[in-house]
Amino acid sequence: MVSPFSIQLSVADLGTTEAFYAGIMGLPVHRALTAVGAPEHLVLTLEGCKVYFVEDDAVGQLHPILEARLEGFPKGVGMTLHLSVPDIEDVYQELLEEDLEILYPLQQKPYGTKELWCFDPDGYLVVLEESLR
């Protein structure tokens, strides 16, 4: 079944990405079964949305015209992933222990959530939240 919305993100290393999103965040990330010749990738599936993670090298091989852009521009400029996570306090502690870059530390917001802003290992800005309701 096709997801109503999907996005593909180019990453340096699938293992590192998997450790971040599945290991630290506790999100439903899995390695997809691929057809012969298709690049290995990860899929994060959330209510009607899928995020595909594909390594830079694979994207460059499949789409050579994009290779220079992947190398010449920082990832994620102007883009933010907003994700709900369970146990945000545990996630925050793991981010601190792993010495990952945090833009805004964990805070309770007046609109009924706990929220923190961080960067994933590839520099994509990620806003994490947990509902207090």
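Follow the hydrophobic side-chain contacts under 4.5 Å out from Leu106 and you reach Leu100 in the same cluster. Hydrophobic clustering keeps Leu103 apart from Leu116 (ILVMFWY residues linked when any side-chain heavy atoms are closer than 4.5 Å, directly or through intermediates). In the hydrophobic clustering of ILVMFWY residues, with side-chain heavy atoms under 4.5 Å counting as a link, Phe119 and Ile88 come out apart. If you chain together hydrophobic residues whose side chains sit under 4.5 Å apart, Val127 and Tyr124 never meet in one group. Linking ILVMFWY side-chain heavy atoms closer than 4.5 Å, directly or via other members, places Leu9 and Leu125 in two distinct hydrophobic clusters.
For the atom pair CG (Asp57) and CG (Leu62), the distance works out to 11.0 Å, reported to the nearest 0.5 Å. To the nearest 0.5 Å, the span separating NE2 on His41 from OG1 on Thr17 amounts to 13.5 Å. Expressed to the nearest 0.5 Å, how far CD of Gln107 lies from OG1 of Thr113 amounts to 10.0 Å.
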For Leu95 and Leu128, what are the C-alpha separation, side-chain angles and deciding distance, and is it a side chain to side chain contact (heavy atoms under 4.5 Å, CB included)? CA-CA 12 Å; Leu95 291 170; Leu128 301 172; 4.3 Å; yes

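Nearest heavy atoms, Val29 versus Ala22: CB-CB, 3.9 Å. Taking each heavy atom of Thr16 and Pro121 in turn, the nearest pair found is CG2-CB, 3.6 Å. Minimum heavy-atom separation, Ser84 to Leu27: O-CD2, 3.6 Å.
The ring-ring contact (aromatic ring centres under 6.0 Å, His included) search around Phe53 returns Tyr21, not counting sequence neighbours. The ring-ring contact (aromatic ring centres under 6.0 Å, His included) test applied to Tyr111 returns no partner, not counting sequence neighbours.
Every pair passing salt bridge (Lys or Arg N to Asp or Glu O under 4.0 Å) that includes a residue from residues 17-34 is listed here, sequence neighbours excluded: Glu18-Arg31, Arg31-Glu40. Applying the salt bridge (Lys or Arg N to Asp or Glu O under 4.0 Å) test to every pair with at least one member in residues 90-101, sequence neighbours left out, gives no pairs at all. Among pairs with a residue in residues 114-133, those fulfilling salt bridge (Lys or Arg N to Asp or Glu O under 4.0 Å) read Glu89-Lys114, at least two apart in sequence or across chains.
Grouping Ile, Leu, Val, Met, Phe, Trp and Tyr residues whose side-chain heavy atoms lie under 4.5 Å apart, directly or via other members, leaves Leu132 alone, with no other cluster members.
Ring planes of His82 and Trp117: perpendicular class, angle over 60° (limits at 30 and 60°).
Between Lys50 and Leu44, every side-chain heavy-atom pair lies at or beyond the 4.5 Å cut-off. Between Met25 and Cys118, the closest side-chain pair of non-hydrogen atoms falls below 4.5 Å.
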